[in-house]
Amino acid sequence: MKVLVINCGSSSLKYQLINMEDEKVLAKGLVERIGIEGSILTQKVNGEKYIIEQPMKDHKVAIKLVLDALVDKEHGVISNMSEISAVGHRVVHGGEKYAESVLINEDVMKALEECVKLAPLHNPPNIIGINACKELMPNTPMVGVFDTAFHQTLPDYAFTYALPYELYTNNGVRKYGFHGTSHRFVSAEAAKMMGKDAKDLKIITCHLGNGASLCAVDGGKAVDTTMGFTPLAGLVMGTRCGDVDPSILPFLMKELNLNVDEINDLINKKSGVFGVSGVSSDFRDIENAAKEGNKRAELALNVFNYRVRTSIGSYAAALNGVDAIVFTAGLGENSGVNRENICNGLTYLGIKIDAEKNAQRGEAMEISTPDSKVKVFVIPTDEELMIARDTKNIVASGK
Ligand code: ADP
């Protein structure tokens with residue numbers, strides 16, 4: 001069985017075709033600049049690139065080209081579109097309705113439309129992508145896999161904001177959490193690496209990329225997460241501020257005469273490690289600047305790491321203990337220096353990092369010492385594989 005995984009953004013689209021027998025990626029690709037000048041599709045098969053540059057006025061044209069690239073005689077990996085048994089779509093917001101992935105039908109499409117107000121930037125392109133696929137592959141089953149779903153097990157006291165309760169019941173204002181597919185994948189992988197049933201473990205997963213979030217996983221279920229009503233909350237991120245005193249926003253709006261869009265832009269695009277350092281939103285640039293003596297770059301890294309460390313401490317409290325900590329995503333997988341800085345302040349939990357292992361890169365591995373009370377892992381995330389597995393299981397079960 002071959003599953004096509006699609007992750008549709010407003011002007012870009014990522015895809016992978018995965019053979020579910022051995023979970024091997026047959027082809028992966030990226031389409032950029034959909035609907036704007038300079039549209040380009042880049043497909044990779046065994047490291048070899050195939051590039052299509054031609055106007056793509058919308059997502060339907062882009063997805064048609066993806067299918068063409070996959071069946072291309074010279075550069076493709078399948079001979080016919082009918083070899084694609086199912087399509088798995090990444091969907092950002094499933095609201096409170098979806099605690100699991102779901103086979104897409106008309107009712108699901110309606111529910112996704114209802115979630116647009118909760119994720120006005122993300123759900124519309126996801127919906128456009130699903131509709132385009134439905135038109136091009138009307139007989140192929142499609143599955144929706146939600147970023148929010150894994151966090152639907154949070155207890156009410158963890159997801160409720162201390163605002164008037166009607167804002168939850170009438171307006172849906174609560175913590176939803178994001179990156180759920182990644183947290184689910186790496187927490188399950190950690191349990192496998194420990195040779196234990198996830199049911200018996202308390203795990204804190206740290207997804208540290210451009211967007212960053214932590215999740216407390218108890219017995220395989222999420223019990224708290226740092227992102228909130230939107231992916232702006234919690235940790236400090238590349239350009240997002242994470243948690244700040246909410247009163248700062250009306251203060252700045254008055255003081256600097258900013259409107260709602262301007263303040264939104266400031267907290268989403270001009271803040272985070274970019275805002276503090278003034279250097280870049282890319283951690284590699286900031287690490288380099290800090291090495292060269294840039295004090296604001298050093299401060300940005302310290303602010304970032306301190307927030308991760310104190311959030312891990314707070315989740316150790318939420319879980320009443322912790323068996324394993326997992327680092328994943330761009331920074332979590334690649335930056336031994338930051339992992340070390342985060343873990344150095346966690347010795348009270350009995351965490352000891354093996355410096356040599358922590359300096360390695362690439363594979364999933366344990367980086368704690370044998371006598372560390374808490375195991376620490378680096379596990380590359382694979383949201384596409386998780387989406388493909390869900391898609392396969394749902395289609396196979398006929399649910
Ligand atoms: P997203 O999917 O949210 O865009 P990623 O998970 O791809 O983010 O992570 C991107 C981030 O990871 C970038 O800020 C980048 O600086 C950081 N990163 C990648 N490799 C390294 C590295 N070797 N050292 C430090 N940071 C890294």
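Counting starts at 1 for both ligands and their atoms, following the listed order.
From the protein, the heavy atom lying nearest to atom 15 (C) of ligand 1 is D282 OD1, 3.5 Å. If you check which protein heavy atom lies closest to atom 24 (N) of ligand 1, you get R284 CG, 3.6 Å. Atom 10 (C) of ligand 1 has as its closest protein heavy atom N210 N, 3.7 Å. Protein heavy atom at the shortest distance from atom 6 (O) of ligand 1 is G330 N, 2.9 Å.
Using a 4.5 Å cut-off on side-chain heavy atoms (C-beta onward), V145 and R90 make no contact.
Checked for salt-bridge contact, E106 and K134 meet the test: a charged N lies under 4.0 Å from a carboxylate O. At a threshold of 4.0 Å, the pair E366-K357 does not count as salt-bridged, since none of the basic side-chain nitrogens sits closer than that to a carboxylate oxygen. Of the charged side-chain nitrogens involved, at least one lies within less than 4.0 Å of a carboxylate oxygen, so that D371 and K352 count as a salt-bridged pair.
Those atoms of ligand 1 with a heavy atom of E287 less than 4.0 angstrom away are 25 (C). Atoms of ligand 1 lying under 4.0 Å from at least one heavy atom of G211, given by number and element, are 3 (O). Counting the atoms of ligand 1 from 1 in the order shown, those under 4.0 Å from a heavy atom of N334 are 19 (C), 20 (N), 21 (C), 22 (C), 23 (N). Of all the atoms in ligand 1, the ones that sit under 4.0 Å from a non-hydrogen atom of S281 are 14 (O). Taking every non-hydrogen atom of A329 and a distance limit under 4.0 Å, the qualifying atoms of ligand 1 come out as 6 (O). Close contacts between ligand 1 and S335 involve ligand atoms 24 (N), 25 (C) [criterion: under 4.0 Å to a heavy atom].
At a heavy-atom cutoff of 4.0 Å, ligand 1 is contacted by no atom of H207, backbone or side chain. Contacts between E333 and ligand 1 below 4.0 angstrom, taking non-hydrogen atoms only, are absent altogether.
Distances from atom 2 (O) of ligand 1 to the protein include no heavy-atom value under 4.0 Å.
Here's the thing with L331: one of its N/O atoms is less than 3.5 angstrom from an N/O atom of ligand 1. For a threshold of 3.5 Å applied to N or O pairs, the pair formed by F283 and ligand 1 contains at least one separation below that value.
The local environment of CG in N46 is sparse, with at most 12 non-hydrogen atoms from other residues, nucleotides or ligands closer than 6.0 Å. Atom CG of N257 has 12 or fewer neighbouring heavy atoms from other residues, nucleotides or ligands inside a 6.0 Å radius.
For the pair R174 and Y176, the cation sits on the ring face: its NZ or CZ lies under 6.0 Å from the ring centre, inside 45° of the axis.
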For E189 and K192: C-alpha separation, side-chain torsions, deciding distance, then whether salt bridge (Lys or Arg N to Asp or Glu O under 4.0 Å) applies. CA-CA 5 Å; E189 287 296 307; K192 265 193 231 161; 3.0 Å; yes
Please walk me through it: do F178 and H151 pass ring pair (Phe, Tyr, Trp, His ring centres under 6.0 Å)? CA-CA 8 Å; F178 300 86; H151 305 299; 7.8 Å; no
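N294 places a side-chain N or O within donor-acceptor distance of the main-chain N or O of A297, the cut-off being under 3.5 Å.
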